[in-house]
Amino acid sequence: MRPHGFREDERGSVLPLILIYVLLGIALTLVCANAVSLLTAQKRTDALADAAALAASDGFEIVAGADGAAIRLDPELARRQAEEVLAVSPVDARLVDIVTVGDATARAVVTTTWHPILLTAFVPDGVVLDATGTSRASLAG
């Protein structure tokens, strides 16, 4: 005798649960893969901003002063050198701004857009990534 509410034939009753768990696993895998892709794209953008700032800080001229030789960043030369770094980069990035702080520090702001590598149903499409890099030039000695 079976207790009340149990059916004799329960074949296939676990199949919907298995299907739900498989779909949940696929969705989680897609979200994780896209999250890793987003993190990698942000790290690439950070590195590109650092490289642009380093190139920009190389755009200085040496000037003679009362205390000896000093350097002064040329804003136009700094911008050109930072844009050259972005031009040869495999990342499709744009130089937003180059700021020269004082006579020896250059700050580069770079932006790019990240797109998901897999299905976009679970993650947003077209996330804008910004990065700022700072570099300081100095005379040794």
Undergrad: Is there a path of hydrophobic side-chain contacts, each under 4.5 Å between heavy atoms of I/L/V/M/F/W/Y residues, joining Ile98 to Val110?
TA: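 Yes, because Val110 and Ile98 connect within a single hydrophobic cluster, where side-chain heavy atoms sit under 4.5 Å apart.
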Undergrad: Could you check whether any side-chain N or O of Glu61 sits under 3.5 Å from a backbone N or O of Arg72, counting only pairs where one atom can act as donor and the other as acceptor?
TA: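 Not a single qualifying donor-acceptor pair exists.
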Undergrad: Looking at Arg79, is its backbone amide N or carbonyl O close enough to the side chain of Glu84 to form a donor-acceptor pair, meaning the two atoms are under 3.5 Å apart?
TA: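 Pair absent, no side-chain N/O of Glu84 close to backbone of Arg79.
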Undergrad: Can you tell me how far apart NE2 (His115) and CG (Leu38) are? Round to the nearest 0.5 Å.
TA: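 Reported value, rounded in 0.5 Å steps: 12.0 Å.
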Undergrad: Would a single hydrophobic cluster contain both Leu24 and Leu15, if residues Ile, Leu, Val, Met, Phe, Trp and Tyr are joined by side-chain heavy-atom contacts under 4.5 Å?
TA: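 Result: no, two separate clusters.
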Undergrad: Just so I know, are the side chains of Cys32 and Leu28 near enough to count as touching, which here means a heavy-atom distance under 4.5 Å?
TA: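 Yes - at least one pair of side-chain heavy atoms lies under 4.5 Å apart.
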Undergrad: Provide the closest heavy-atom pair for Ala53 versus Gly133 in the form atom of the first, atom of the second, distance.
TA: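 Shortest heavy-atom separation between Ala53 and Gly133 comes out as CB-O, 3.3 Å.
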Undergrad: If you look at every heavy atom in Ala56 and Ala78, which pair is closest and at what distance?
TA: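 Scanning both residues, the minimum pair turns out to be O-CB, 3.4 Å.
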Undergrad: Can Ile26 be reached from Ile18 by stepping across I, L, V, M, F, W or Y side chains whose heavy atoms are under 4.5 Å apart?
TA: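 Yes.
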Undergrad: Please check: side-chain N/O of Thr111 versus main-chain N/O of Leu129, any donor-acceptor pairing under 3.5 Å?
TA: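 Yes.
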Undergrad: How many angstroms lie between OG1 in Thr113 and CG in Asp130, if you round to the nearest 0.5 Å?
TA: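 Interatomic distance, Thr113 OG1 to Asp130 CG, rounded to 0.5 Å: 9.0 Å.
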Undergrad: When rounded to the nearest 0.5 angstrom, what is the spacing between CZ in Arg44 and OG in Ser89?
TA: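 Spacing of CZ (Arg44) from OG (Ser89) equals 9.0 Å.
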Undergrad: Does one hydrophobic cluster hold both Leu73 and Ile62, with members joined at side-chain heavy-atom distances below 4.5 Å?
TA: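 Yes, it is one cluster - the side chains of Leu73 and Ile62 are joined through contacts under 4.5 Å.
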Undergrad: For a 4.5 angstrom cut-off between non-hydrogen side-chain atoms, does Leu86 reach Leu48?
TA: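 The answer is yes; the side chains approach within 4.5 Å.
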Undergrad: Using 0.5 Å steps for rounding, measure from the CD1 atom of Ile71 to the OG atom of Ser138.
TA: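 It is 6.5 Å, given to the nearest 0.5 Å.
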Undergrad: Does atom CG (Asp125) have a neighbourhood of more than 12 heavy atoms from anything else shown, all under 6.0 Å?
TA: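 Yes, because the 6.0 Å sphere around CG of Asp125 holds more than 12 heavy atoms from other groups.
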Undergrad: When you measure from the side chain of Thr45 to the backbone N and O of Ala41, does any donor-acceptor pair fall under 3.5 Å?
TA: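 At least one qualifying donor-acceptor pair exists.
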Undergrad: With a 4.5 Å cut-off on side-chain heavy atoms, are Arg94 and Thr112 touching?
TA: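 Thr112 does not reach Arg94 side chain to side chain.
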Undergrad: Tell me the closest heavy-atom pair linking Ser57 and Ala106, and the distance in Å.
TA: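 Heavy atoms only, the tightest pair is N-CB, 3.8 Å.
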Undergrad: Rounded to the nearest 0.5 Å, what separates atom CG in Leu77 from atom CG in Asp58?
TA: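 Answer rounded to 0.5 Å: 8.5 Å.
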Undergrad: Side chains of Arg136 and Thr105: donor-acceptor distance under 3.5 Å anywhere?
TA: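 Yes, side-chain donor-acceptor contact under 3.5 Å.
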Undergrad: Looking only at non-hydrogen atoms, find the nearest pair between Pro124 and Pro116 and report the distance.
TA: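 Result for this residue pair: O-CG, 3.5 Å.
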Undergrad: Mark yes or no for whether Thr29, through its side chain, and Gly25, through its backbone, hold a donor-acceptor pair below 3.5 Å.
TA: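 Yes, because the side chain of Thr29 sits within donor-acceptor range (under 3.5 Å) of the backbone of Gly25.
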Undergrad: Answer whether the closest heavy-atom distance between the side chains of Val85 and Leu95 falls below 4.5 Å.
TA: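 They are not in contact (no side-chain heavy atoms under 4.5 Å apart), so the answer is no.
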Undergrad: Whether the side chain of Asn34 engages the backbone of Ile117 through a donor-acceptor N/O pair (distance < 3.5 Å, no angle test) should be reported.
TA: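 Side chain of Asn34 to backbone of Ile117: a pair is present.
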Undergrad: With rounding to the nearest 0.5 angstrom, report the CZ to OG1 distance, Phe60 to Thr100.
TA: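 Answer rounded to 0.5 Å: 14.0 Å.
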